[in-house]
Trainee: 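For reference, the structure I am asking about is given below.
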Amino acid sequence: MTEPVKADLVLVDITDTVATVRLNRPPLNAFDNELRIRLGEVVRRLTDDASVRAVVLTGNEKAFAVGADLAQLESMGYEQISGWNRALQRVFDEIARLPVPVVAAVNGYALGGGLELALAADFRIFGAAAHVALPEVELGIVPGAGGMQRLRRLIGTSKAKDLIMSGRRVAAAEAVSLGLGEQVVAVEDLVAEAGEFAARLARGPRFALQAIKEALDLGEDSSLAAGLAFDRNVLAGLFATSDRAIGMASFRADGPGRAVFGGEADPSRIGPNFAVEGT
């Protein structure tokens with residue numbers, strides 16, 4: 001069953017348990033205040049929707065997104081850009097913290113804030129015509145919505161410096177070779193391939209997937225000891241979920257890969273260090 005939810009700037013289509021979010025500010029999905037605000041509203045709605053188990057984020061054939069509207073940026077001083085960038089960074093952080101897997105389906109241009117948006121996803125699949133870059137250095141500025149930090153964590157400091165200091169555009173095949181994404185697919189198959197990828201993840205145990213995402217993302221900034229403690233606590237917390245019981249019973253009866261997960265949990269049995277959203 002498909003439930004289309006349409007807005008002028010962001011289109012959302014929910015099919016089964018996968019939400020496809022499409023930026024819709026032609027021709028190139030440049031970010032302005034209205035697009036940022038609407039995207040934030042959509043992300044918060046999806047965060048609270050327990051029926052959504054994975055998200056695909058995409059744009060149009062010309063562009064995934066090209067970042068900030070330059071005309072708007074040129075009119076800003078320190079006070080204005082500080083507030084504007086903080087708000088954009090907050091929306092991208094909300095995307096990164098969605099409690100479900102997020103797959104960016106990137107075609108055309110993903111430049112500046114557009115690439116920063118794609119980097120907030122858990123996975124990136126590129127259309128064959130995709131080109132990505134963080135070209136802010138050409139304007140005498142730097143990426144400010146998470147691009148520098150997320151790119152460094154994804155591909156390492158040296159490669160990140162190369163892309164950010166040069167501002168050069170990278171085609172899809174090189175982007176994957178650098179570690180920016182998972183695969184390159186034909187343009188006409190991009191959204192379908194990303195949707196299938198997301199659907200496979202959506203069939204997994206909801207709270208275990210959420211725990212994996214949180215443990216790996218938060219662990220990047222933690223000591224090994226803190227990370228191990230987090231892993232220990234989320235493992236214990238998952239024993240409060242019906243998915244754990246379903247998975248173990250299915251494995252005993254039918255072997256691996258046969259479980260049909262429901263994603264329910266008993267909040268009273270989950271320890272204080274295990275954050276459960278959407279129950």
Side-chain angles (χ1 to χ4, degrees), residues 28-31 57-59 63-68 70 73 81-82 84-86 88-98 101-185 190 193-194 197 201 212-228 230-231:
L28 299 175
N29 291 324
F31 268 90
L57 183 61
T58 193
F64 176 76
V66 296
L70 185 58
L73 281 184
I81 190 61
S82 180
W84 189 92
N85 187 69
R86 184 184 297 276
L88 185 63
Q89 192 179 81
R90 182 171 61 248
V91 171
F92 290 2
D93 283 345
E94 289 173 339
I95 291 168
R97 292 197 306 270
L98 274 164
V102 180
V103 182
V106 181
N107 193 51
Y109 296 112
L111 308 178
L115 179 53
E116 292 182 288
L117 173 60
L119 290 171
D122 300 300
F123 307 97
R124 282 150 296 280
I125 297 176
F126 294 103
H131 287 79
V132 305
L134 292 173
E136 284 84 352
V137 69
E138 297 174 358
L139 305 176
I141 57 175
V142 299
M148 290 197 286
Q149 302 308 317
R150 290 195 173 99
L151 187 64
R152 175 179 66 82
R153 285 165 169 77
L154 187 63
I155 66 174
T157 299
S158 181
K159 292 178 182 177
K161 285 180 179 177
D162 169 38
L163 294 185
I164 298 168
M165 288 182 174
S166 69
R168 67 185 181 91
R169 292 187 182 183
V170 174
E174 184 183 358
V176 170
S177 72
L178 287 170
L180 278 167
E182 280 54 57
Q183 59 181 314
V184 180
V185 302
L190 175 61
E193 290 278 355
F197 185 91
L201 294 171
I212 291 165
K213 179 170 178 172
E214 290 178 346
L216 294 177
D217 288 349
L218 296 174
E220 289 181 331
D221 297 317
S222 303
S223 67
L224 176 59
L228 290 172
F230 188 89
D231 291 356

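Computed from heavy atoms alone, side chains included, the values below leave out hydrogens, waters and symmetry copies.
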Trainee: Hey, is CZ on R86 packed in by over 12 heavy atoms from elsewhere, all under 6.0 Å?
Mentor: no
Trainee: Which pair of non-hydrogen atoms, one from L119 and one from R150, has the smallest distance, and what is that distance?
Mentor: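 Reported closest heavy-atom pair: O-CD, 3.5 Å.
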Trainee: What do the steps show when you test F123 against F197 for ring-ring contact (aromatic ring centres under 6.0 Å, His included), and what is the final call?
Mentor: CA-CA 10 Å; F123 307 97; F197 185 91; 5.1 Å; yes
Trainee: Does any N or O in the side chain of E182 come within less than 3.5 Å of the main-chain N or O of I125, such that one atom is a donor and the other an acceptor?
Mentor: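 It does not hold such a pair.
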Trainee: V170 and side chain to side chain contact (heavy atoms under 4.5 Å, CB included): which partner among L134, L115, L163, V176?
Mentor: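 When L134, L115, L163, V176 are each tested with V170, the side chain to side chain contact (heavy atoms under 4.5 Å, CB included) holds only for L163.
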Trainee: Minimum heavy-atom separation for G127 and N107, please, with both atom names.
Mentor: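 Scanning both residues completely, I find the closest heavy atoms to be CA-OD1, 3.6 Å.
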Trainee: Distance-only, no hydrogens or angles: does the N29 side chain make a donor-acceptor pair with backbone N or O of G59 under 3.5 Å?
Mentor: no
Trainee: So that I can tick it off, tell me whether D217 and R97 are bridged by a salt bridge, with the cut-off set at under 4.0 angstrom between side-chain N and carboxylate O.
Mentor: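 Judged by the 4.0 Å cut-off on N to carboxylate O distance, R97 and D217 do not form a salt bridge.
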Trainee: Please find the pair of heavy atoms, one from L190 and one from V185, that lie closest to each other, and give the distance.
Mentor: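 Taking L190 first and V185 second, the nearest heavy atoms are CA-CG2, 3.6 Å.
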Trainee: Which heavy atom of E136 sits nearest a heavy atom of P143, and at what distance?
Mentor: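 For E136 and P143, the tightest heavy-atom pair comes out as OE1-CG, 3.4 Å.
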Trainee: Does R124 use its side chain to pair, donor to acceptor, with the backbone of A118 at less than 3.5 Å?
Mentor: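 Checked: pair present.
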Trainee: Under 3.5 Å, side chain of K213 to main-chain N/O of L98, donor-acceptor pair present?
Mentor: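 It does hold such a pair.
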Trainee: Determine whether more than 12 heavy atoms belonging to other residues, nucleotides or ligands lie under 6.0 Å from atom CZ of F92.
Mentor: yes
Trainee: Pair E174, R169 - check salt bridge (charged side-chain N to carboxylate O under 4.0 Å, His left out), show working.
Mentor: CA-CA 10 Å; E174 184 183 358; R169 292 187 182 183; over 6 Å; no
